[in-house]
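Have a look at the structure below, then the notes.
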There are 2 protein chains.
Amino acid sequence: MLSQKTRYAIRAMQHLADKYGQGPIPLTDIAETQNIPAKFLTVILSELSRFGIVASQRGKDGGYWLGVPPIDITYGDLIRVMRGSLALVPCASRFAHETCKNCVEEKDCRTRALMLQVRDVTAGLLDGVRLSDPIELVPAAEGLEAPDDVQA
Amino acid sequence: MLSQKTRYAIRAMQHLADKYGQGPIPLTDIAETQNIPAKFLTVILSELSRFGIVASQRGKDGGYWLGVPPIDITYGDLIRVMRGSLALVPCASRFAHETCKNCVEEKDCRTRALMLQVRDVTAGLLDGVRLSDPIELVPAAEGLEAPDDVQA
DNA sequence: TCTATTCTCAAGAGAATAGGTTGACAATGC
DNA sequence: GCATTGTCAACCTATTCTCTTGAGAATAGA
């Protein structure tokens with residue numbers, strides 16, 4: 001699962017992407033329209049600005065904006081910035097690889113082999129979608145109607 | 001990320017799958033070869049047996065075995081049993097759907113739309129691999145050698 | 001210069017989750 | 001009856017999550 005913080009970060013970035021080129025966007029504007037606790041958002045935005053993907057200015061008419069054009073930021077990047085990796089297990093990360101504790105040897109680990117495949121299809125998708133891309137929305141109900149052959 | 005508990009559960013199930021048809025396998029056998037804390041494994045196995053996918057017998061020559069043939073258990077099933085869902089956000093689960101807190105409306109949520117796609121490719125993969133399937137192992141080093149166009 | 005506005009940043013608080021362990025008990029086979 | 005093996009509830013510690021507090025510092029405009 002993505003943490004609440006990561007989800008907030010993604011929505012905040014989408015908001016800034018939508019308003020890219022329109023000057024500084026005040027935190028309150030993001031917080032209110034995206035339904036994010038304002039003070040928590042300051043923590044998130046300051047984290048994002050340390051990575052250079054958000055810029056800011058203080059004082060009257062200040063605010064935040066993308067430090068990089070939205071076409072140059074993928075959803076994969078965002079998740080990596082916020083949680084370090086796209087993978088489901090530390091040993092299946094291609095960039096932030098870490099050996100798992102209390103595991104069998106990596107070369108013998110079937111879980112790792114499988115999770116590497118999962119990471120790759122996930123990355124294939126998320127690294128292909130940019131903050132500037134339109135995303136086809138899905139009606140709320142459809143998430144509940146699983147096809148017959150799908151369990152969850 | 002999958003929790004340590006989920007990873008232990010997967011490895012324990014793989015172990016039982018490998019020895020399917022060989023009678024009860026003592027907990028100690030699983031714990032030692034899979035490097036899982038024995039007492040914690042009792043918690044995990046009892047959880048799995050509540051779902052009927054593990055059976056057990058007490059006393060001398062007792063132990064655990066799969067309650068269902070390994071060909072009938074997918075990795076997707078295992079992850080769903082252990083953590084409730086394959087999805088990265090509650091609102092993108094097809095079986096255990098839950099609306100996210102502090103979010104925008106689901107029908108307007110781009111994050112959800114994207115995470116539904118991620119869920120679907122993940123499920124496409126994990127629901128297609130069964131505990132009885134051979135899994136091609138990946139040498140330990142390869143996880144570290146990211147292709148040029150891959151970032152993490 | 002004064003003031004209102006807006007970001008900055010370190011600390012901390014409360015709750016939940018993770019990752020186990022303890023210990024008493026129950027069944028089974030010899 | 002005794003060793004073996006699973007059952008189960010309760011507990012524990014550390015970490016992480018999700019925010020909040022509160023004291024600044026920069027900026028623009030009056």
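Lettering of chains follows the sequences in order, A, B, ..., and the numbering in each one begins at 1.
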*asked:* Regarding C/dG23, can its base be found pairing with the side chain of B/Lys39 as donor and acceptor, where the two atoms are less than 3.5 Å apart?
replied: yes
*Counting heavy atoms from C-beta on, name the nucleotide in C/dA26, D/dT20, C/dG23 closest to the side chain of A/Pro37.*
D/dT20
*Out of C/dG29, D/dT27, D/dC19, which has the shortest distance to the side chain of B/Asp61?*
C/dG29
_Protein-nucleotide distance (A/Gln4, atom CD; C/dA16, atom P), rounded to Å_ = 15 Å
*Round to a whole Å and report the spacing from CD of A/Glu32 to P of C/dT6.*
11 Å
*Examine the side chains of A/Thr6 and A/Ser3 and answer whether a donor and an acceptor come within less than 3.5 Å of each other.*
yes
*Assign each of B/Asn102 and B/Leu45 to its nearest nucleotide of DNA chain D by heavy atoms, then name whichever residue's nucleotide is nearer the 5' end.*
B/Leu45
*Take A/Leu2 and B/Val43, find for each the nucleotide of DNA chain D with the closest heavy atom, and name the residue whose nucleotide sits nearer the 5' end.*
B/Val43
_Let me spell it out: for each of B/Gln57 and A/Ser46, pick the nucleotide of DNA chain C with the closest heavy atom. Which residue's pick is nearer the 5' end?_
A/Ser46
*asked:* Measure NZ/A/Lys60 against P/D/dA30 and give the value in whole Å, please.
replied: 8 Å
*Would you please confirm or rule out a distance under 4.0 Å between OP1 or OP2 of C/dT6 and any side-chain N or O of A/Thr28?*
no
*Where A/Arg112 and B/Ala140 come nearest, the two heavy atoms and their spacing*: NH2-O, 3.3 Å
*Between A/Asp127 and A/Arg80, does at least one N-O distance fall below 4.0 Å, as a salt bridge requires?*
yes
*In whole angstroms, how far is the P atom of C/dC9 from the CZ atom of A/Arg58?*
7 Å
*asked:* What is the distance, to the nearest angstrom, from the OH atom on A/Tyr64 to the P atom on C/dT5?
replied: 17 Å
*In whole angstrom, give the distance that lies between atom CG of A/Leu48 and atom P of C/dT8.*
12 Å
_Can a side-chain donor-acceptor contact be found between B/Asn102 and A/Tyr8 if the only test is distance below 3.5 angstrom?_
yes
*asked:* Whole angstroms only, please: what is the CD-P distance between B/Glu47 and D/dG6?
replied: 18 Å
*Which of the following nucleotides, D/dT18, C/dA27, C/dG20, is nearest to the side chain of B/Phe40?*
C/dG20
*asked:* I'd like to know if A/Arg130 pairs up with A/Asp77 as an ion pair, taking the criterion as any Lys NZ or Arg NE/NH1/NH2 lying under 4.0 Å from an Asp or Glu carboxylate oxygen.
replied: no
*asked:* Using a heavy-atom cut-off of 4.0 Å across all strands, would you classify A/Leu27 as base, sugar-phosphate, or nothing?
replied: sugar-phosphate
*Phosphate OP1/OP2 of C/dA18 contacted by B/Tyr8 side-chain N/O (<4.0 Å)*: no
*Figure out the CD1/C1' separation between A/Ile44 and D/dC19, and round it to whole Å.*
10 Å
